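Numbers restart at 1 for each chain; the letters A, B, ... are given by sequence-line order, proteins then strands. Because the structure is a prediction, the values reported are computed rather than measured.
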Number of protein chains: 2
Amino acid sequence: MGYRENPRPGGRSARVQAAVHQSVRDMLATMDRADITIPLIAQRANVTPSTIYRRWGDLQELLADVAASRLRPEGDPAKIGSPREDLEAWAEQYADEMASGVGRQMLRDILSAADVANAEKCSGYTQQQLAVFITRAKERGEPFPALTELMDHVISPIIYRILFDQAPGPDYVRKLIAKVMSKER
Amino acid sequence: MGYRENPRPGGRSARVQAAVHQSVRDMLATMDRADITIPLIAQRANVTPSTIYRRWGDLQELLADVAASRLRPEGDPAKIGSPREDLEAWAEQYADEMASGVGRQMLRDILSAADVANAEKCSGYTQQQLAVFITRAKERGEPFPALTELMDHVISPIIYRILFDQAPGPDYVRKLIAKVMSKER
DNA sequence: TCACTAAGGCAAATTATTTGCTTTTGTACG
DNA sequence: CGTACAAAAGCAAATAATTTGCCTTAGTGA
């Protein structure tokens with residue numbers, strides 16, 4: 001009795017998934033995190049609690065699933081100027097989103113689930129986005145930091161601060177990028 | 001009705017806390033994370049469940065509390081050679097501990113609690129340890145990276161990898177340190 | 001169209017959580 | 001010392017969440 005990762009669109013399973021995800025998003029926006037329960041979600045989604053339990057296991061897994069799907073990027077990062085400028089703009093927005101109340105909560109949800117899959121997925125999204133900048137720079141024949149550099153020295157510090165400390169400011173992000181770029185000459 | 005952060009030693013409150021913490025540690029070592037419940041912990045600690053609920057609120061808070069107290073360093077990092085060598089040895093052990101099954105789980109527990117206090121505490125411990133290397137270097141008149149540098153470019157990448165990806169190898173840590181030190185000339 | 005199967009609904013049984021009230025125990029003060 | 005006070009623990013009833021067995025529904029493919 002395994003549930004499909006990606007249910008066929010239009011089927012009943014997909015409708016249930018959509019309704020449940022939507023309920024969770026609504027509830028996260030309107031009520032306190034601690035008051036969200038599976039029976040409540042089920043009621044709002046017009047679904048039986050046991051359906052949710054069987055499909056997701058527990059609240060943490062469900063929240064992690066919803067969070068990961070919300071973190072999936074819509075498309076390629078905007079192209080406004082040089083790869084470096086593009087990266088700066090993107091990274092600032094990324095930091096803002098993650099540092100916001102909702103973003104922080106999504107990160108937490110993803111990390112607290114027993115299943116690591118969603119965390120990996122989320123990190124994968126980020127790497128995909130970063131890869132775009134690298135490709136653009138290569139096309140223009142410009143030097144650019146490698147993916148590892150960007151993950152280790154731009155993304156990681158931002159996320160660490162958000163998780164353990166407090167929000168990174170906007171010029172903090174720019175400093176990180178400046179440092180990582182300065183080694184590329 | 002507030003509970004003291006640090007109950008007076010020897011009192012009943014302290015005994016209960018110790019018994020509960022011990023039960024949690026035992027259970028974490030012997031059974032699957034998902035099977036640990038508050039009633040079980042209470043039983044093993046010879047305590048009523050309601051005591052735990054009133055004191056910690058829920059399982060996540062309790063686990064976060066236990067994890068944070070396990071992460072408190074025993075003393076100053078070992079002094080084996082130059083500050084850099086000391087840092088390398090310490091960071092490698094740090095990475096190993098955090099990347100182990102237990103370490104990972106502790107990180108998760110700390111981050112999934114609603115209360116941020118434990119996460120901050122944990123980050124504070126790390127910073128205290130790092131400050132020791134900086135002081136030692138200063139005493140010897142040697143150049144050494146600032147605390148922010150170390151947090152951003154050594155600790156953050158290690159933790160990010162552990163949380164989102166997979167364990168960082170031993171030479172990965174050394175590379176991070178080499179990079180951070182190379183900018184100090 | 002029909003049979004098959006994955007997934008959802010229902011309801012009873014089990015477990016966990018909350019809460020009001022009582023009891024214990026450490027502490028401060030006379 | 002002993003007594004009063006308050007913080008924290010115990011107990012048990014009430015409530016809420018979770019699990020599970022069995023049945024029904026709705027997509028899928030022959």
Exercise. Reading nucleotides 22-30 of chain D from the 5' end, what letters show protein touch, with B for base, S for backbone sugar-phosphate only, - for no heavy atom under 4.0 Å?
Worked result: B--BSSS--
Problem set entry | side-chain hydrogen bond (donor to acceptor under 3.5 Å, both in side chains) pairs, two or more places apart, involving residues 29-38 of chain B | R33(B)-D109(B)
For this session: Only counting residues at least two apart or in another chain, list the ones meeting side chain to side chain contact (heavy atoms under 4.5 Å, CB included) with D96(B).
Result: none
Problem set entry | Length of the CH2-C1' vector between W56(B) and dA8(D), whole Å | 12 Å
Exercise. Which ring pair (Phe, Tyr, Trp, His ring centres under 6.0 Å) pairs, counting each pair once, include a residue from residues 103-130 of chain B, with sequence neighbours left out?
Worked result: none
Exercise. Want to settle it: does S50(A) or S50(B) sit nearer the 5' end of DNA chain C, counting the closest nucleotide to each?
Worked result: S50(A)
For this session: Would you please name every residue forming a side chain to side chain contact (heavy atoms under 4.5 Å, CB included) with K138(A), sequence neighbours left out?
Result: none
For this session: Taking ring-ring contact (aromatic ring centres under 6.0 Å, His included) as the test, write out the residues that go with H21(B), two or more places apart.
Result: none
Expected list for residues 126-134 of chain B: side-chain donor-acceptor pairs under 3.5 angstrom, two or more places apart:
{"residue": "T126(B)", "atom": "OG1", "partner": "C122(B)", "partner atom": "O", "Å": "3.3"}
{"residue": "Q127(B)", "atom": "NE2", "partner": "S123(B)", "partner atom": "OG", "Å": "3.1"}

For this session: Would you please confirm or rule out a distance under 4.0 Å between OP1 or OP2 of dG10(D) and any side-chain N or O of T48(B)?
Result: yes
For this session: Taking only heavy atoms on the protein side, list every residue of residues 29-46 of chain A lying under 4.0 Å from any atom of DNA chain D, sorted numerically.
Result: T37(A), I38(A), P39(A)
Seminar exercise, completed: Separation of dA7(C) atom C1' from I52(A) atom CD1, nearest Å, is 14 Å
Exercise. Does a donor on one side chain and an acceptor on the other come within less than 3.5 Å for Q22(A) and R25(A)?
Worked result: yes
Exercise. Can you list the residues that meet the ring-ring contact (aromatic ring centres under 6.0 Å, His included) rule with Y172(B), with sequence neighbours excluded?
Worked result: none
